[in-house]
Protein chains: 2
Amino acid sequence: MDKRAEATDTPEYKVIGTRPVRHDGADKVTGRAIYGADVHLTGMAHSRILRSPHPHARIKSIDTSEAEKIPGVLAVLTAADFPELEDKIAHLGEGSVNLAFLAANCVAKDKALYRGHAVAAVAAVSPHAADEAVKRIKVEYEPLPATTWVLDAMKDDAPLLHENLRTDEMGEKGDKPSNVASHLHFETGDVEKGFAEADVVIEREFRTASVHQGYIEPHVATALWNEDGRLKIWTSTQGSFTCRQQTAELLQMPISHVTVVPCEIGGGFGGKIAVYLEPVAALLSRKCGRPVKIIMQRNEVFEGTGPTPGSFVRVKLGAKKDGRLTAGQAWLAYDAGAYPGGMIGPGCMCVFSCYELPHALVDGYDVCLNKPKTQAYRAPGATQAAFACESVVDELADALGIDPFDFRLKNAAKEGTRRVDGPIYPRIGLIETLEAARNSEHWKSPLEGENRGRGMAAGFWFNVGLKSSVSAHVNPDGTVKLLEGSTDIGGTRASVAMQLAETLGIAAEDVHPIVADTDSVGYTDVTGGSRVTFATGMAAYEAGLDIRRQMAERAALLWECDANDVTIEGDDYSANGNSMTFREIAANLHETGGAVVGRATVAPEGSTNGFGCHIVDVEVDPETGKVTILRYTAAQDAGKAIHPSYVEGQMQGGAVQGIGWALNEEYFFDNQGAMRNASFLDYRMPTCLDVPMIDTIIVEVPNPAHPYGVRGVGETPIVPPPAALANAIYNATGVRMRELPMSPPRLWKAMAEKAGSRE
Amino acid sequence: MDKRAEATDTPEYKVIGTRPVRHDGADKVTGRAIYGADVHLTGMAHSRILRSPHPHARIKSIDTSEAEKIPGVLAVLTAADFPELEDKIAHLGEGSVNLAFLAANCVAKDKALYRGHAVAAVAAVSPHAADEAVKRIKVEYEPLPATTWVLDAMKDDAPLLHENLRTDEMGEKGDKPSNVASHLHFETGDVEKGFAEADVVIEREFRTASVHQGYIEPHVATALWNEDGRLKIWTSTQGSFTCRQQTAELLQMPISHVTVVPCEIGGGFGGKIAVYLEPVAALLSRKCGRPVKIIMQRNEVFEGTGPTPGSFVRVKLGAKKDGRLTAGQAWLAYDAGAYPGGMIGPGCMCVFSCYELPHALVDGYDVCLNKPKTQAYRAPGATQAAFACESVVDELADALGIDPFDFRLKNAAKEGTRRVDGPIYPRIGLIETLEAARNSEHWKSPLEGENRGRGMAAGFWFNVGLKSSVSAHVNPDGTVKLLEGSTDIGGTRASVAMQLAETLGIAAEDVHPIVADTDSVGYTDVTGGSRVTFATGMAAYEAGLDIRRQMAERAALLWECDANDVTIEGDDYSANGNSMTFREIAANLHETGGAVVGRATVAPEGSTNGFGCHIVDVEVDPETGKVTILRYTAAQDAGKAIHPSYVEGQMQGGAVQGIGWALNEEYFFDNQGAMRNASFLDYRMPTCLDVPMIDTIIVEVPNPAHPYGVRGVGETPIVPPPAALANAIYNATGVRMRELPMSPPRLWKAMAEKAGSRE
């Protein structure tokens, strides 16, 4: 699987680029790892949440008296138990959030805005008593009209979610109530002029359904409100410090009074950044004086937590006959879900990010409607945009009779290209990635057979830096304990530890990474934005340098020389004819002043710019519209693959999730606004039986902003699949699919319409 | 209670010297604090230990087959499950230890050396099944003669504990087998010449019984041997890193593969440094694949864990008529218990440590006998020696007709005095402490009434420095999390946090101390030797300076100036007309580069030299020999009292424990070598009903080796009580008691003998 297209001048590494067993491997495969559900505290109470059966309803009254009479019930909570919060924007992790909205999403305040919206919660001595009590809570609802499609929600007569939302505050519209929460506008050059210069202009409209991140582990949180006013939370979260901050802000307490213990996490993909259960468990704990645990059921995860936005995207591209793009225009409307603050920003920024466009115009709308508040999902907003853009690019290349790789290479973004939203790319690896994909055995092999087609698409995700802090201490046996604040979702214990090991010249196994709680490590931003191997890895490198300096001082003490005279090569320290290994110096720590502790905090700015290119072969069953994936290859610029297996794993996982979006997954709403497929039986995520092995090609164009050249890798691979599949389906069937998912009934219908139009 | 005799020139502190609520107060008083017994892990097995009924016996065979048949039994362990260990000395915490002996003390290998010696252990699904199984283990013993009195054990015909112990290796004796494990010899000047110069010479013999540390919480440990060969231990220990090292050495695994989580500790006093249960729980866990928990019963604590040595001490002192001491000689024999390595060293070093003696000679013997291996107990070895020395000093002063304070002040050790074992004192506070005691209202008040007497005595304990490491990170709300490796037995969370708060100019409450596990903080030595407030406090101070530097850099970033231009006064940072508080800079951390993490490692050498002086008034019931304490005052040089309440608490607690030694406590052995009072009902520790309020006088002669002048305070106050009480009893009755405890039957007998001799 190690088909890496190596860039030239790659340094020789000892640890980086190898594939050691992951440090948390044994705990994971033996079931020892402690997930949120494994937390059991003495006297712990169990909570269940009452959720709205209506997609939109005014809450006229809540009567909890009967629930409180159930034996074993310890506390009942409604929105009235939350402190009053101003409409205040707090900056948290990857984005920012309106605290009043965040609180209302945890427990509905005056209105339920989506089916599944939490309305009340019960803590009881057993889950059964809590279940029983929840049923006895009497809520008087006044049902209101609802909408679940973004273009409907933008209409003048649409049911309004927030009576006081005036978009002139955030967008361009006047002062009348609206569901449009914000309008983004990016412009470069003169798009009219650009289209006038084009020989061919194509404009198309695309629709995507809401899909869920689909983490296997449901949300779970346990909270203990201590008698001294301190709060401890054990939870499954992507960001322990973000969870700490959100919870503290919602409960109006000092953040240092909140300790978040990040349990092992069974998938997040962006959906475990916002708090849902933590403040509820905390307030219930304060009420009943016991630790309180809440675990969501699967239907609560689907109906109550963040899907990615459903969307409507219109893309128009113009090109010269030689294939040179002259202009691009995009109009995007994304679901915000029940509260403002969706993924429209990155959608707008990514839609044309693979190409050098002299003239471009992008408009984007963040639209509230009666679905759960949307959340980040792996390259949030980029997949919807790429589906549109890469489909039109493909159609344009086809119309001009140009090979899709040639067309993309001719227009590919490179160092110096200015993105429509402003930034100018530093050294990036899109061209190398496209070339690696084109040179792959997959692309070079002919695809034969009926109803078969091959497609390809490019994709981009920024990746972020943000803030990471680590500390590390050297053991007398020459190993190093590494404390990091980054929760490990995709193998980052290994990728961060390996960078420290490389820096110290020791084995990967000799660094023991520990994901610490918020009391035990410096502030570290969320595990998201493909940032951990990049930024926390950079902190590990810096901490390694700090340790090297101190180890040199210890060696100098032993040799009675100046620390500046000590030369370090890998794990070898030498001066004046003396020489000791890292391990040997470590064995002398007790005699030379005690522990050596390294630490580093980093806050790298800018993006690490991950580009990918996917190739897929499909066969379409003409009788049913079912798409079978015959072969799939994902190429991607990792900058430098620290642990290639986990880079490959990210590429494979992202591709499979993208395949799910493309072919099967959708929130299926009935005309009452109720999701009808809120279970893994009915919500069809791909399993290993649905996809072939995903082949991977790691491209390594080192990121100049990282000591080991690392770029983020986790998110990019979800971006190309829907477009690549749509392009492959077109090549198999002649049908251009412009709505996700391209599920059998929808594809069958499109094929039938095309056949009908031919008749 | 704040009767502090302030030294001059004490700096003005904002936090130090105040009495904030302790940081762990709420957890302690509400029962939330997690002690070892509170650890419950999924699938956890429970263990019970089989102990020898004989004080000395060869183990001929162990048949575990019937035990293994008990339903629910998961594993049975004997010494055969331990790896083979060389006779190797490992340096651990306050002292060093022979690993083969340490292992054999955990589970007897070929011989049981004391009644209560562990012989086998069972892990089962319930404590009941384990109890039942332990009874079915068949051990064939060959009982051997035993001895429990130190002078008996030194006789040529004494039963030998270790057939291969040849004292010529460690002591002066020839190559024949012996129970004498080592001989110490210190000499200064010419003692014969010194005694020849004396006008009065007094020589007396003293005996003390074994007494137990008497912590309320029994030993408890839970271990999980992970499938990847890593071991995690939750335990009640004074030193998590020491426990880690001992366990790793005994099990012959890399220390970095062992993680020790120090639970809250319910008293240690020196008795929770050596491992007993941890390696047993670990091996049982490896055998059965589950976490295994062992809790001792109280009788196991008495019979199986470390008392302080019983002792025989002979002290000879000579003085001129003017009260000037000319010479001192001491001969000390201390129980080592079942294995070599007792407290004879500090006993020898402390016996004359309060006085300037031109000529001195000290011989000490470490003697094995059939008692549990002795362990450190608060100023280990010093109380026995002080009982002897301070009794003879009192008798000498009395014989010369000199006031006991005058006599001691004339001879008191001071800066420049050379101790018999070599070190020369830096600035110390014995004279100030004696003067403070003499100037106390207590000493100045007359004592009237029949059968009453007043006594006083001085006392000394070295206190140690050793190694401490802390790290600390600043929260955006201006508070600081402080990670330390020192388990908190006596309020050191507060005393360490307060030093960091003082250094940063913030409130004590704004530092949140956390006692971290061995993975999460740099190597830190045991909580013992009265070292934590001194050494870990020093590390906190250094970490505070590290944080100040970084906060100044952040301020400089905000003000666009050079960090060297920033002036810091308390929590105020200023430069070029700009000014911000610590809290204000903290609020800007996210915008100026992320977390600020401070760290420091210290390894201060030498002693902090704690001196105390106690005064006690007693009334002796002539009918029963019962001693009632009427009034008690303890004065002590704390260097600087960080949190005076906890200094007072240490002084009070030490005094009460010393009163226990003096009047009641003893291991009562029958002629079979069996302890007959192994319960708190029969082993008479003082309760609050037995003692009056202990008044305290904190003397503050700053320690020049600490930034805030701190000296250790925890151990010194146990040293003077037995001598002070013996001196008071003499003044009440005319009887010089030279054997501990001075219990009613013994005192009554002595009084009767004296009355008889008069008749």
Side-chain angles (χ1 to χ4, degrees), chain A residues 21 23 25-27 29-30 32 38 40 42 91 224 226-230 245 248 254-257 259 466-471 473-481 483 485 510 512 514 516 518-525 539 550 589-590 592-603, chain B residues 21 23 25-27 29-30 32 38 40 42 91 224 226-230 245 248 254-257 259 466-471 473-481 483 485 510 512 514 516 518-525 539 550 589-590 592-603:
Chain A
V21 171
H23 298 78
D27 279 352
V29 299
T30 61
R32 287 276 188 230
D38 298 320
H40 301 289
T42 304
H91 295 278
L224 171 58
N226 217 24
E227 279 77 352
D228 59 0
R230 291 178 193 272
Q245 191 176 348
I255 55 169
S256 58
H257 283 207
T259 300
L466 302 179
K467 296 176 288 298
S468 287
S469 188
V470 306
S471 61
H473 60 275
V474 183
N475 291 305
D477 61 4
T479 60
V480 179
K481 301 282 180 184
L483 261 69
D510 286 343
H512 303 161
I514 294 133
T518 55
D519 280 356
S520 305
V521 68
Y523 180 89
T524 296
D525 272 309
Q550 296 176 66
L589 288 185
H590 284 351
T592 54
V596 160
V597 180
R599 54 97 204 274
T601 294
V602 301
Chain B
V21 171
H23 298 78
D27 279 352
V29 299
T30 62
R32 286 276 187 232
D38 298 320
H40 302 289
T42 303
H91 295 277
L224 172 58
N226 217 23
E227 279 77 354
D228 59 0
R230 291 178 194 272
Q245 190 177 349
I255 55 169
S256 58
H257 283 208
T259 300
L466 301 180
K467 296 177 288 299
S468 287
S469 188
V470 307
S471 60
H473 60 275
V474 183
N475 291 305
D477 61 3
T479 61
V480 179
K481 301 283 181 184
L483 261 69
D510 285 343
H512 303 162
I514 295 133
T518 55
D519 280 355
S520 305
V521 68
Y523 180 89
T524 296
D525 272 309
Q550 296 176 66
L589 289 185
H590 284 351
T592 54
V596 160
V597 180
R599 54 98 204 274
T601 293
V602 301

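Every value quoted in this text rests on a predicted model; they were computed, and no experiment measured them. Throughout, protein chains are lettered first and strands after them, A, B, ... in sequence-line order, and every chain is numbered starting at 1.
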List the steps, then state whether side-chain contact (heavy atoms from CB on, under 4.5 Å) holds for A/His590 with B/Lys467. CA-CA 8 Å; A/His590 284 351; B/Lys467 296 177 288 299; 3.5 Å; yes
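Under a 3.5 Å cut-off, the side chain of A/Thr601 and the backbone N or O of B/Ala595 do form a donor-acceptor pair. In this structure a side-chain-to-backbone donor-acceptor pair under 3.5 Å is present from B/His473 to A/Thr518.
Counting heavy-atom pairs closer than 4.5 Å to chain B, the top-ranked of the candidates A/Val480, A/Val602, A/Asp519, A/Thr30 is A/Asp519. In terms of heavy-atom pairs under 4.5 Å with chain B, the best-connected choice from A/Ser520, A/Gly593, A/Ala26 is A/Ser520. Of the residues considered (B/Asp27, B/Val596, B/Asn475, B/Thr592), B/Asn475 shows the highest number of contacts with chain A, using heavy-atom pairs under 4.5 Å. Most heavy-atom pairs under 4.5 Å with chain A, from the set B/Asp510, B/Asn226, B/Val21: that is B/Asn226. With chain B as the partner, the residue from A/Leu224, A/Asp38, A/Val29 showing the most heavy-atom pairs under 4.5 Å is A/Leu224.
The two atoms that bring A/Ser256 and B/Lys481 nearest to each other are O-NZ, 2.8 Å, heavy atoms only. The minimum heavy-atom distance linking B/Gly522 with A/Val597 is given by the pair CA-CG2, 4.0 Å. Contact detail for B/Ala603 and A/Gly594: the closest heavy-atom pair is CB-N, 4.5 Å.
For chain A, the nearby part of B/Arg32 is the side chain; its heavy atoms alone come within less than 4.5 Å. Heavy-atom distances place the side chain of B/Thr42, and not its backbone, under 4.5 Å from chain A. Proximity to chain A (any heavy atom under 4.5 Å) is shown, for B/Ile255, by both the backbone and the side chain. With a threshold of 4.5 angstrom between heavy atoms, B/Val521 approaches chain A through N, CA, C or O but not through any side-chain atom.
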